[in-house]
Amino acid sequence: MSIYDTLNPQQKEAVLHTEGPVLILAGAGSGKTRVLTHRIAYLIEEKGVNPWNIMAITFTNKAAGEMRERVDKIVGFGSESIWVSTFHSSCVRILRRYIDRLGFDHNFTIYDTDDQKSLMKDICKRLQIDTKVHKERAILSAISSAKDELVTPEEYELNNMSDFSKKKIAQAYKEYQKELRKNNALDFDDLIVKTVELFQACPDVLDYYQERFRYIMVDEYQDTNTAQFKFVSLLASKYKNLCVVGDDDQSIYKFRGANIGNILGFEKVFSDAKVIKLEQNYRSTQNILNSANEVIHNNIGRKEKSLWTDNEEGSLVHYRQFMNAYEEAEFIAGDISRKVREADCQYKDCAILYRTNAQSRLFEEKFLMANIPYKLVGGVNFYARKEIKDLLAYLKTVDNARDDLAVRRIINVPKRGIGATTLAKVQDYASEHDMSFYDALKEAENIPTLGRAAAKIEPFVTFVQSLRSKTEYFSPSELLNDIIEETGYVMELKAEGTEEADARIENIDELITKIVSYEEENEDPTLSGFLEEVALIADIDTVDGDGNQVLLMTLHSAKGLEFPYVYLAGMEDGIFPSYMTITADDPAELEEERRLCYVGITRAMKDLTLTCAQQRMIRGETQYNKPSRFIREIPRELVDLGRDFKEQKIKEIPLPNTMKQMKQAFKQPAFIPKQFEVKKSAGLSYNVGDTVKHIKFGVGVVKNIVEGGRDYEVTVDFDKSGTKKMFASFAKLKKVE
DNA sequence: GCTCGTCTTTTTTTT
DNA sequence: AAAGACGAGC
């Protein structure tokens with residue numbers, strides 16, 4: 001009996017079908033990682049493929065790490081020469097070697113979102129773009145979308161000649177790319193785009209990698225964007241041994257450019273593609289899986305499939321509604337304590353998933369109070385913290401002389417009395433002489449406008465030069481220690497003595513630990529290498545199973561993970577699905593939220609709890625929300641409503657500033673009484689002849705209601721906007737009394 | 001050039 | 001609620 005006999009027939013087929021394009025539609029919990037690792041083993045052991053010729057691509061470092069570990073275990077000798085990495089690190093690795101062909105230096109810097117923003121701020125000033133009209137963030141996100149679609153600045157401009165504000169963006173895009181090049185820097189999107197460019201510009205380089213990667217596997221394929229698809233298809237176009245694994249129901253990154261067409265149209269692009277469906281779920285109980293199936297069934301644009309499981313029925317899905325978010329958090333904290341005490345459950349078996357990072361705070365508070373160990377994933381990235389960015393900027397300055405952004409960040413940290421005026425003068429001089437900002441600093445005494453300020457610059461330049469000279473014989477960690485000593489960074493914080501300063505010092509200690517462990521783990525540790533690792537790390541990557549602690553994270557971060565006990569918190573219309581998607585014109589946005597809900601539910605192995613609050617503080621404002629529509633999509637008989645659901649008391653009613661909204665939150669039941677059919681939406685709260693209100697069109701009279709398959713089509717004559725036809729579930733019409 | 005206080009804004013999700 | 005931007009005053 002071989003290891004392949006432990007696979008089910010579909011899994012086995014996916015493993016044995018090694019030649020040509022393969023699309024594996026792998027439902028949640030259907031053992032896709034197992035298939036991928038076995039497939040790699042099969043390629044090497046049975047097909048005699050050289051491990052060197054295999055590439056496996058994932059989205060997160062964590063997924064890559066896990067895959068690597070499992071591959072190492074199953075393959076043994078030779079596994080280290082398999083490329084198992086993320087899109088981004090694969091591209092960086094290729095670019096570090098060949099980017100000179102595109103006119104960049106090998107030691108290019110990778111800009112994070114903060115860097116991008118400050119660069120864009122500069123550009124807007126220069127191009128006289130009013131950032132009140134065109135926000136930096138909006139411009140950057142337009143640029144990012146363009147890059148996801150492989151649209152160059154020139155093409156973007158051509159495509160948008162007639163649109164004034166897009167023309168502005170085109171200008172900014174052009175300038176932005178110019179600046180990046182000048183600073184010898186790439187942003188996240190560029191890593192993919194430039195690699196594709198490289199492949200297209202240099203057939204010899206492409207050929208080298210095509211020969212190298214004869215067997216390519218892509219995980220979470222539903223989340224690839226157009227650029228990533230191009231990258232993969234270029235690599236695979238010679239040998240065509242491309243195996244992609246994904247689940248269209250788990251596509252949740254459209255906002256980041258993920259092109260669901262990549263998975264839905266795979267068979268069209270690769271016409272001889274073999275399609276294999278994995279539909280047996282090994283993770284969840286029947287009740288959980290059925291709930292998930294019912295919810296996702298409400299989506300229209302999907303490949304039909306039916307996940308099933310041999311697992312036991314399990315307990316019902318729990319649903320609890322609370323007065324406010326405090327009580328919600330308190331309940332979950334208490335419930336976890338109880339489970340750990342009474343049931344066969346450890347802290348690390350539990351995870352709390354929510355829609356937005358802001359929701360984590362209350363849980364943190366309650367957990368601290370209840371003495372529950374927890375780990376928060378996401379929020380402010382460790383490497384985005386001020387103190388970390390400051391120190392990294394020093395390292396970047398030493399590493400890449402052309403990274404103006406880094407130099408400007410630290411030139412006055414600690415205070416050296418160098419202000420905005422001086423910086424502007426140096427910048428002018430640099431632009432005039434077509435040199436980098438730092439090179440201009442080196443010639444400070446030659447800049448006539450500076451006057452006495454030049455004397456303040458000199459020690460800084462000397463300091464950086466001395467650091468640079470040390471790179472020869474100093475390790476990155478020694479260099480960092482040197483910087484901390486010389487700048488007195490930690491000393492200053494110590495002097496402050498505040499709690500915040502202490503936290504910053506702790507973070508710096510953690511940075512030191514990270515740099516040291518980087519040196520230990522790598523044979524040839526370099527400063528560039530460390531900075532690169534740091535730039536590409538995601539928060540989820542640092543989660544390991546070692547600590548016994550409850551995990552707190554967003555639904556997005558939870559993708560690909562599983563936990564015995566899962567809490568989905570904040571199940572409220574307006575939170576999840578988010579307000580943006582409820583009010584959006586495009587129903588596809590709500591479908592993406594529903595997929596997110598599907599992802600959330602299917603994280604749970606044995607026990608799932610859904611909670612919501614009637615009242616919650618959002619951005620300093622109290623909101624009253626109805627229970628999430630997704631809850632209603634779970635059949636009533638799969639849900640445990642809690643013993644005191646019926647006598648749910650309406651306690652002291654808060655101030656009636658938004659009385660209407662509030663009433664709704666209190667009254668709205670999560671489940672409609674039995675006599676209604678569950679599938680057929682909630683029934684309507686208005687009739688023909690009633691006056692209703694629409695969020696956009698205002699007040700109007702209902703003229704007609706037509707019952708459609710899954711929804712009602714309502715015709716309304718609006719006072720201001722005329723007659724409109726709309727679907728009841730999207731229109732969110734409210735009866736006006 | 002620096003600091004402090006007030007005003008403004010917050011994409012929901014991230015490699 | 002909280003962080004960031006901005007301007008007045010030192």
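From a predicted model like this one, the values you see are computed outputs, not experimental measurements. Residue numbering restarts at 1 for every chain, and letters A, B, ... go by the order of the sequence lines.
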J.: Has A:Y518 got more than 12 heavy atoms of other residues, nucleotides or ligands less than 6.0 Å from its OH?
T.: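 For A:Y518, atom OH is crowded (more than 12 foreign heavy atoms under 6.0 Å).
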
J.: I'd like to check the salt bridge (Lys or Arg N to Asp or Glu O under 4.0 Å) partners of A:D249; sequence neighbours left out, ordered by chain and number.
T.: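 Checked A:D249 against salt bridge (Lys or Arg N to Asp or Glu O under 4.0 Å); matches are A:R302, A:K305.
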
J.: Looking across every strand, which nucleic acid part, if any, lies under 4.0 Å from A:G620 by heavy atom: base, sugar-phosphate, or nothing?
T.: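 Answer is base: heavy atoms of A:G620 come under 4.0 Å of a base.
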
J.: Within the 4.0 Å limit for protein heavy atoms, which parts of nucleotides 4-10 of chain C are touched? Write it as a string from 5' to 3', B for base, S for sugar-phosphate only, - for none.
T.: -S-----

J.: Check every strand shown and say whether A:A420 touches a base, only sugar-phosphate, or nothing at a heavy-atom separation below 4.0 Å.
T.: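 Sugar-phosphate contact only - A:A420 comes under 4.0 Å of backbone atoms but never of a base.
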
J.: Mind telling me whether A:Y253 and A:H556 have parallel, tilted or perpendicular rings, with 30° and 60° as the class edges?
T.: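 The rings of A:H556 and A:Y253 sit tilted, inter-plane angle from 30° to 60°.
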
J.: What's the CZ-C1' distance between A:R416 and B:dC2, to the nearest Å?
T.: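 Taking atom C1' of B:dC2 as the reference, CZ of A:R416 is at 16 Å.
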
J.: Just say parallel, tilted or perpendicular for the rings of A:Y209 and A:F213, cut-offs at 30° and 60°.
T.: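 Taking A:F213 first and then A:Y209, their aromatic rings lie parallel (interplane angle under 30°).
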
J.: Got a salt bridge between A:R361 and A:E364, using NZ or NE/NH1/NH2 to carboxylate O under 4.0 Å?
T.: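 No.
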
J.: In the 5'-to-3' direction, what one-character label does each nucleotide of nucleotides 10-15 of chain B receive under the scheme B = base within less than 4.0 Å of a protein heavy atom, S = sugar-phosphate only, - = no such atom?
T.: BBBBBB

J.: Quick test of your reading of the model: are A:R355 and A:E593 salt-bridged, counting only N-O distances below 4.0 Å?
T.: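 Yes.
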
J.: Only one of A:K626, A:R616, A:Q623 passes side-chain hydrogen bond (donor to acceptor under 3.5 Å, both in side chains) with A:E572; say which it is.
T.: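 Among the candidates, only A:R616 passes.
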
J.: Rounded to the nearest angstrom, tell me the gap between atom CG in A:N412 and atom C1' in B:dT3.
T.: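 That distance rounds to 13 Å.
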
J.: With the side chain of A:M617 defined as its heavy atoms from C-beta on, choose the nearest nucleotide among C:dA1, B:dG1, B:dT3.
T.: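 Among the listed nucleotides, the one closest to the side chain of A:M617 is C:dA1.
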
J.: Expressed in whole Å, how much space separates the P atoms belonging to C:dG4 and B:dT13?
T.: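 Taking atom P in both C:dG4 and B:dT13, they lie 15 Å apart.
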
J.: Strictly under 6.0 Å, is that where the ring centroids of A:F229 and A:F231 end up?
T.: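 Here the rings of A:F231 and A:F229 have centres that are no less than 6.0 Å from each other.
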
